[in-house]
Asks: 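Please see the structure below; I have some questions.
Residue numbers begin at 1 in each chain, while the letters A, B, ... track the order of the sequences.
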Amino acid sequence: MKKIVSIAAAAALMSSMAFAKEVKIGVVLPLTGPIAAFGQTSKGGLDIAYAQNNKLKNGDTVKLVVLDDRGDKVEAATAVKRLLDKDKVTVILGEVASSNSMAMAPVAEKAKTPMITHASTNPRVTRGKKYVTRACFIDPFQGAVMAKYALDNGMKNAVVVTDAKQDYSVGLSKAFKKAYTGAGGKVAKTVLINSGDKDFNAQVATIKAANPDIIAFTGYYPEAALLVKQARAMGVKAPFIGADGVGFPELVKIGGKDAEGFMYTDHFNEAAASSAEAKAYVDAFHKKYNKPADSMGALAADAYGMILSAMNACIDAGKASDDKECINANLRGTKGYKGITGVITINENGDAVKSAVVNEVKDGKFAYKTTVNP
Amino acid sequence: MDFTTFLQQMINGFSLGSMYALIAIGYTMVYGVLRLINFAHGDIMMVGAFLVYLAHAAGLSFPAAVLVGVLGAILVGVLTDKVAYKPLREAPKISLLITAIGISFFLENLFNVLFGGVPRAFPAPDYLTQVIHIGKLYLPTTALVIPVVTLLILAGVLWVLYRTKYGMAIRALAFDIPTVKLMGINADGIISLVFALGSALAAVGGIFYAISYPSIDPLMGIIVGLKAFAAAVLGGIGSVTGAVLGGFILGFTEILVVAAFPDLGGYKDAFAFFFLILVLLFRPTGIMGEDLERGRF
């Protein structure tokens, strides 16, 4: 008995001493599967942010534990469970797809572990959650930006294409329709698709019959690329506008010349990057990957930066760097964080309030059009 | 829906249906002989398409790359049989089925690790991606080429099965493997032939699938494999002609659901599979399927 007590005392002494600790951040991303590009680009940005800074103020080191969920809701929730039970992480970063983040959020919430999603824009991800925060704007804002941009350019008759399998797309379509019809636009038809499908000829024939001024596509890039290809092959000439789910090189690689003129709202375009933080990131990105910096990577880097800044704030307040309650309070209380994608302030719902950019595919590249503030 | 749109949807249904039919033939071939639902069929399809992509990226011309893809898929198919299925020849059918699922996961993940999960643009040649205008109708070249290829392959498979000695051996195997062995026929050789044929068909299907929808990834075979399987069951699994029929029915059902009820378009798979259940309720062996203990093909 005595022995046990002394071992316990020694252990307690050790842990209270100023040895540098290792704080773990669990990362869940779709590194493979239908939306793998989201995960891969997020990881690319995260790696740069991690290489730039992986030490806390008190000398503790940060370690990333990255898991792949193959873009699957069930796998995403299981991954969080594993990160909590086996890897004992302090914070969870992820996912990209709103459906997957929504599967993860209850698990993190139950374990009272702070979770930050860098790119899930559906409002329901953070709704009613105390421990879930996000580094991006939400779809009602994004949908309004899409609607405004379409109307400002004189496109008053729209067909909305919704991916019925994705909460992101369903929510975004709703937000777009509300803003669009509210400002005088007319939605001629809503067409449904399923992510993972490849044949959209039936939908294209319906779109063609409706003869819209603009096609508002709220799904993800794999379907966007094939849909625009099939639409152009069948003689549909109306321009497409999408959101942050389509702005990936694969849109251009697969869509080819048919993707030209595809407009979309996004979080970040390096052409609009003006702050010192953004420039440093973009430079490091170019040096490492030799290609333009994408928005998912920038968002992931921002989410990571917010976690580190929350941990440092806890250290300043005399708390441990792995104090989950304190980190969560600081994450939710983020104000004016100077990130790569802009200045981030978290509102009472845990959502980031920040600006959006509008891009367009031009000569196979993503050209910057304008910035819209909240 | 005006008449032009209706006709256009008919063309779309025909083109999608022929795609499913092409892939379903391979499914049904292997089932007919081994009574094995080869879940890896969709993945062999993916392997075929990927090999074409890689061979083309390495500088081969498209036809040469297709040859590499088909031969490579045959190799993978026969190898799968030798390594995974042959040791289980005498084992209960359920072990084979589980092994097939294992092979399917193995191939998907192997390609995931080797090439990553990000979709790639398939190098479909221009002469196969043209669109023909007839009045207001748009007819993709593939909508003409794929049905022709499907029918040619159907005729070819039927010819092999009914007009050659190998075909006779294949049909005999479908009845009773031990008896065929007793007759002095190299049963394992014939089974390898079936896998080679099935894999070649899968590869051809995969290549045409990739030409029609030029985006390939390691998991591309899952959904289309499932649909082709449904088509084969619908037509009567084990019957080659039934597979083609099932493919067309499935393709038309999907397109018509989207065309007639755009608001329910997100549930087209549910409609297609509901239709499958309906057919099986009245004809448990599928439309052209025979009683399991009687003849096949």
Asks: Can you say whether A/Phe200 sits under 4.5 Å from chain B via the side chain, the backbone, both, or neither, judging by heavy atoms?
Replies: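 Answer is neither: A/Phe200 stays 4.5 Å or more from chain B.
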Asks: Chain B: which of A/Ala233, A/Gly39, A/Gly71 shares the most heavy-atom pairs with it under 4.5 Å?
Replies: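 Top count of heavy-atom pairs under 4.5 Å with chain B: A/Ala233.
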Asks: Based on non-hydrogen pairs under 4.5 Å, which of B/Asn109, B/Leu139, B/Val118 is most in contact with chain A?
Replies: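 Of the options given, most contacts go to B/Val118.
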Asks: Would you check if there is a donor-acceptor pair between the side chains of B/Ser212 and A/Lys198 at a distance under 3.5 Å?
Replies: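 The answer is no; no qualifying pair exists.
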Asks: Classify the side-chain pair A/His286/A/Glu270 by whether it contains a donor and acceptor separated by less than 3.5 Å.
Replies: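 Yes, because at least one side-chain N or O of A/His286 sits under 3.5 Å from a partner of the opposite role on A/Glu270.
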Asks: Quick check on B/Phe122 against chain A: is it the side chain, the backbone, both or neither that has a heavy atom closer than 4.5 Å?
Replies: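 No part of B/Phe122 comes within 4.5 Å of chain A.
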Asks: Measure B/Ile255 against the heavy atoms of chain A and call it side chain, backbone, both or neither at under 4.5 Å.
Replies: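 When you check distances to chain A, atoms from both the backbone and side chain of B/Ile255 fall under 4.5 Å.
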Asks: In terms of heavy-atom pairs under 4.5 Å, which option from A/Asn194, A/Thr190, A/Asp163 contacts chain B the most?
Replies: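 Ranked by heavy-atom pairs under 4.5 Å with chain B, first place is A/Asn194.
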Asks: Charged N to carboxylate O below 4.0 Å: is that the case for A/Asp139 and A/Lys174?
Replies: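 Answer for the salt bridge query: no.
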Asks: Please classify the contact between A/Ala164 and chain B as side chain, backbone, both or neither, with a heavy-atom cut-off of under 4.5 Å.
Replies: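 Just its side chain gets close to chain B.
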Asks: With a 4.5 angstrom heavy-atom cut-off, is it the side chain or the backbone of A/Glu250 that approaches chain B, or both, or neither?
Replies: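 Just the side chain, heavy atoms under 4.5 Å.
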Asks: Could you tell me if the side chain of A/Ile254 sits less than 4.5 Å from the side chain of A/Tyr221, heavy atoms only?
Replies: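 The answer is no, as the side chains (C-beta and beyond) never meet within the 4.5 Å cut-off.
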Asks: Looking only at the side chains, is there a donor atom on one of A/Asp199 and B/Tyr213 sitting less than 3.5 Å from an acceptor on the other?
Replies: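 Their side chains do contain a donor-acceptor pair, which is all the 3.5 Å distance test asks for.
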Asks: If you count heavy-atom pairs within less than 4.5 Å of chain A, which of B/Gly116, B/Gly13, B/Pro218, B/Ala121 leads?
Replies: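 Between B/Gly116, B/Gly13, B/Pro218, B/Ala121, the count favours B/Ala121.
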Asks: Got A/Leu93 and A/Leu46 here, is their nearest side-chain heavy-atom distance under 4.5 Å?
Replies: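 Of all side-chain heavy-atom pairs linking A/Leu46 with A/Leu93, at least one is under 4.5 Å.
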Asks: A/Ser169 and A/Thr162: side-chain donor and acceptor closer than 3.5 Å?
Replies: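 Their side chains do not contain a donor-acceptor pair, so the 3.5 Å distance test is not met.
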